[in-house]
Protein chains: 2
Amino acid sequence: MKYTAHINIMPLKELLDPQGKAVNNSLHNLGIAQVQDVRIGKHVTLNMEAANKEEATKLAQEACKKLLANPVMETFDCAVVEG
Amino acid sequence: MKYTAHINIMPLKELLDPQGKAVNNSLHNLGIAQVQDVRIGKHVTLNMEAANKEEATKLAQEACKKLLANPVMETFDCAVVEG
């Protein structure tokens, strides 16, 4: 069966996020002053073939740990849906 | 009230995603061959102060249209939650 994993990889809360800071300033310059904090990470979608949702989740987490996320600087969460 | 907008900005389906292609090949090299397609975009979280959820959603969409997403190459979706 086909599954899609939606993975968010974000910089750790303890770390500065200069890209987010720059976007925050730009939003203020554009008049959107209600925004107080911006953080920017990656969104990865994996389309995969797996026997069931558990296997698909396991594969997605393995992909994050082995390749996609750097645990020193980033956290990840992944959600798997059918199709 | 405080709201958090979770925004995903992804390359359009019609466009090649060389970064995703590279990750797909790397996953195969690492033995995760069940993955068939990878696409990589950005995940942005905005913390903001707004009167209600509708206003927060409007602000987040305005931020996407004015600054965050390039409509020629990207699509975005945003979900707003309290807190």
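Predicted model, so just to flag it, every value in this text is computed and none were measured. No hydrogens, no waters, no symmetry mates; every other heavy atom, side chains included, goes into these values. Numbered from 1 within each chain, the chains take letters A, B, ... in sequence-line order.
To the nearest 0.5 angstrom, A:I7 atom CD1 is 12.5 Å from B:H43 atom NE2. To the nearest 0.5 Å, atom CZ of residue A:R39 and atom NE2 of residue B:H6 are 12.5 Å apart. How far CD of A:Q34 is from NZ of B:K2: 12.0 Å, rounded to the nearest 0.5 Å. The OG1 atom of A:T45 sits 7.0 Å away from the CG atom of B:D37 when rounded to the nearest 0.5 Å.
With A:L67 as the partner, the side-chain contact (heavy atoms from CB on, under 4.5 Å) test is satisfied by one option alone out of B:L27, B:N29, B:I32: B:L27.
Within the 4.5 angstrom heavy-atom criterion, no atom of A:A50 approaches chain B.
Residues B:L15 and B:V72 share a single hydrophobic cluster, defined by chaining ILVMFWY side chains whose heavy atoms lie under 4.5 Å apart. Neither A:L46 nor A:M10 shares a network with the other; the hydrophobic side chains, linked directly or stepwise wherever heavy atoms of I, L, V, M, F, W or Y lie under 4.5 Å apart, form separate groups for each. Under the 4.5 Å side-chain heavy-atom criterion for grouping Ile, Leu, Val, Met, Phe, Trp and Tyr, B:Y3 is not connected to B:V81 through any hydrophobic cluster. By the criterion of side-chain heavy atoms lying less than 4.5 angstrom apart, applied directly or through intervening Ile, Leu, Val, Met, Phe, Trp or Tyr residues, B:V44 is not grouped with A:I9; the two fall into different hydrophobic clusters. Under the 4.5 Å side-chain heavy-atom criterion for Ile, Leu, Val, Met, Phe, Trp and Tyr, B:L12 and B:F76 are members of distinct hydrophobic clusters.
Interface remark: of the candidates B:V38, B:I40, B:N8, B:N8 forms the most heavy-atom pairs closer than 4.5 Å to chain A. Counting heavy-atom pairs closer than 4.5 Å to chain A, the top-ranked of the candidates B:L68, B:V23, B:L59 is B:L59.
Put simply, the side chain of B:M48 does not reach to within 4.5 Å of the side chain of A:Q36, judged on heavy atoms.
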